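Predicted, not measured: the structure shown is a model, and the values here were computed from it. Just so we're on the same page: letters track the sequence lines, and every chain starts at 1.
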4 protein chains.
Amino acid sequence: MEDLAEKKQAIFESTLDLIKDHGFHGAPMSLVAKHAGVAAGTIYHYFESKEQLICELYAYNRARVTATIKAALNDGNDYKAKFFNVWTSLYSFYVKEPNVLIFFEQFVNSPFSSDKYPSHFRGDLYAFFADGIKQGIIRPLKPEILLVLVMGSINSTAKLNVFGKVAVTKPDVLRIAETVWDGISAKGKEN
Amino acid sequence: MEDLAEKKQAIFESTLDLIKDHGFHGAPMSLVAKHAGVAAGTIYHYFESKEQLICELYAYNRARVTATIKAALNDGNDYKAKFFNVWTSLYSFYVKEPNVLIFFEQFVNSPFSSDKYPSHFRGDLYAFFADGIKQGIIRPLKPEILLVLVMGSINSTAKLNVFGKVAVTKPDVLRIAETVWDGISAKGKEN
Amino acid sequence: MEDLAEKKQAIFESTLDLIKDHGFHGAPMSLVAKHAGVAAGTIYHYFESKEQLICELYAYNRARVTATIKAALNDGNDYKAKFFNVWTSLYSFYVKEPNVLIFFEQFVNSPFSSDKYPSHFRGDLYAFFADGIKQGIIRPLKPEILLVLVMGSINSTAKLNVFGKVAVTKPDVLRIAETVWDGISAKGKEN
Amino acid sequence: MEDLAEKKQAIFESTLDLIKDHGFHGAPMSLVAKHAGVAAGTIYHYFESKEQLICELYAYNRARVTATIKAALNDGNDYKAKFFNVWTSLYSFYVKEPNVLIFFEQFVNSPFSSDKYPSHFRGDLYAFFADGIKQGIIRPLKPEILLVLVMGSINSTAKLNVFGKVAVTKPDVLRIAETVWDGISAKGKEN
DNA sequence: GATGAATGAGCTTTCATTCAT
DNA sequence: AATGAATGAAAGCTCATTCAT
């Protein structure tokens, strides 16, 4: 959130914070404005409507996630290393910004989202899994399934860490990623 | 939903349907009443407030899930079979009643839920995993983590089936459960 | 305004009064409600939106005008008498209910009216003029033109009486109707 | 609109156009500015407020109408010719500039007009009618009444031509003026 | 002079809840 | 028990106006 107009950034952050603390319903425009330190009308200089504000906020953060995935896939020697990179960097992203994690969850079933299902993370990761299957590294599940399983595991773990009563330690994180990898990898399997 | 007062049941079903089709925001009391075939005021004979209606609806369906889990755990010869029983019966439950699946998702982040995280399915399944670890069948992850990973995989798959553009076939379902099992089971692992 | 639901009638009258005194812009829903002695939300039990309230109010009063014209045309022996009947009864209607007169004026150029031009009074009066021309009683002008000229004369005179600083007496009214009649009638003309 | 400061003229024209196309309600200052090619704040260098902008625009165009009437009254041999001059030149003015026609209509009932009734065209035309009565050329109606009848006939016809679905041809125009004249003139009458 | 981002009062509308019937 | 008209606080949004640049 560095290269945005100052006010726009303040509005984005205000929205994200409010949604995290009070849910979608607890983020009326008046409060968003107040917490951003601007007047209610000011928001409408930057966004046509609440819907557009929410959708832009979503697009902005989805792009950040996509970029995080892309970077992780480019960093690492072998397939497994890349997988761990993706898993841990995405996990770290969500843990560092639980705002975004909560927002994504709420957005999917909000009146603002048309997509009922988050097909939003296809792209690079989808190709990565498809490729893994072709190479025989990954079990021959449909890539869409692999996608939701892996993304789901990241989400669940991040949520547990952020909101759960259970501490998720660094070793835990590695063990979880290992668990997921052992599930989806084809090693020693013949099906 | 058989042993409830007839009106109460109608109100529950109306709420569930409305939330599934239009989201939480699209289920105002007036519409809930209309679709249930009762007057708005009537709802307030059965529930003190909207909050109570929603919370009772949640408790009711949580109990159904809990019962489903309990039944699955009592049915099956060995540990692995019990796991598969839980996975597939819960999956079937959600696929048969996507209403409930969506409702749960929405409820967690609604103004009505105090718990931010679904610690709601502890109970039997928690004990089941704790026991599996003790017996050396399951990897020594914290049971809470196992819980969210497994429940997450069921949820993700059910959502993919119900809302995704990808068909999830019966063989797919077994392969996914197998994948999850292979991840969390301790066989052939020494960590 | 006799056979309407009591509240609906109060809302109609409140709207009409407010518009008469302060113009269209001076009739916000909050004031309409207040003056009608109901809560703001109550209006929305009777009307879907402000637009519909305004449009129904228009339709209702247009029907009253139409009925006034129809009654006037059925009462009177010859053509000229009918004409005078229409002129004076419509004039009386507007003078008795200046609310409606002002409302009509404002409605035509309001955001609520799609018709830019009041083609709304066609019907019986149009036929009356068309017939008068065929019989050679009325000058052979296009009936639409006759319509706006005559309606315009009624409107102008009523407005002058209601708002002007000049008193329009009963003899004045008859003389004005006579003036209009002498203009549009064909007697002694050969064009 | 030639001898005004360039910006002022642009603002005037922008306002007139916007009001014609979208009504008074569709001419917010921001749009007026945009269509005039200036910044919102710039308008406030030329006008103290929206009210003053509108009122000046009204005064400006009222003066144009007054001048048109004055010129028409000075051109023509006899009384009847002068009358026809006034009628047709004013009619032409409105048809050429329907902007102004609509603006006048809207202005009368706007929050900006204090006068509820257009006593604004008194002056020369009033004197002209008063004089005609004294000379026995015009029926002995109150001059105010003559004024609104004649002005109303011009307005109605212009509106019919500009917005109506009926074509108003040149012969039509002459016949209408003739109709009005035959109504208000005293020839052959003894009342 | 000119700009346009910022303001905030005020608008239309929604909806959980009440209560006379 | 059941009704549904009525309520009014609060939501999203507009727009005349200001003021630092």
Looking only at the aromatic ring of each residue, does the gap between the centers of B:Y58 and B:F104 stay below 6.0 angstrom?
yes
Across the strands shown, which category fits A:M29 at heavy-atom distances under 4.0 angstrom: base, sugar-phosphate, nothing?
sugar-phosphate
Would you indicate what B:Y46 reaches in the nucleic acid, counting non-hydrogen atoms under 4.0 angstrom: base, sugar-phosphate, or nothing?
sugar-phosphate
Whole Å only: how far is the [atom1] atom of [X] from the [atom2] atom of [N]?
X	N	atom1	atom2	answer
B:L18	E:dT14	CG	C1'	15 Å
A:H25	F:dA11	NE2	P	10 Å
C:K34	F:dG8	NZ	C1'	14 Å
C:E48	E:dT14	CD	C1'	13 Å
C:K50	F:dC13	NZ	P	19 Å
A:F24	F:dG12	CZ	P	11 Å
D:I43	F:dC15	CD1	C1'	12 Å
C:Y44	F:dA10	OH	P	18 Å

For the base of E:dA5, is there a side-chain donor-acceptor partner from A:H45 under 3.5 Å away?
no
Is there a Watson-Crick or G-U wobble partner for E:dT21 with both distances under 3.5 Å, and if so, which one is it?
F:dA2
Nearest atoms (heavy-atom pairs only) where C:I102 meets C:I19
CG2-O, 4.1 Å
From the options F:dA5, E:dG4, F:dC13, select the nucleotide whose nearest atom is closest to the side chain of B:A40.
F:dA5
Please check: side-chain N/O of D:S14 versus main-chain N/O of D:A10, any donor-acceptor pairing under 3.5 Å?
no
Throw together a table of side-chain donor-acceptor distances under 3.5 angstrom for residues 41-51 of chain C, partners on residues two or more places apart or in other chains.
from	atom 1	to	atom 2	distance (Å)
C:T42	OG1	C:A39	O	3.4
C:S49	OG	C:E51	N	3.4
C:S49	OG	C:Q52	N	3.1
C:K50	NZ	C:A27	O	2.8

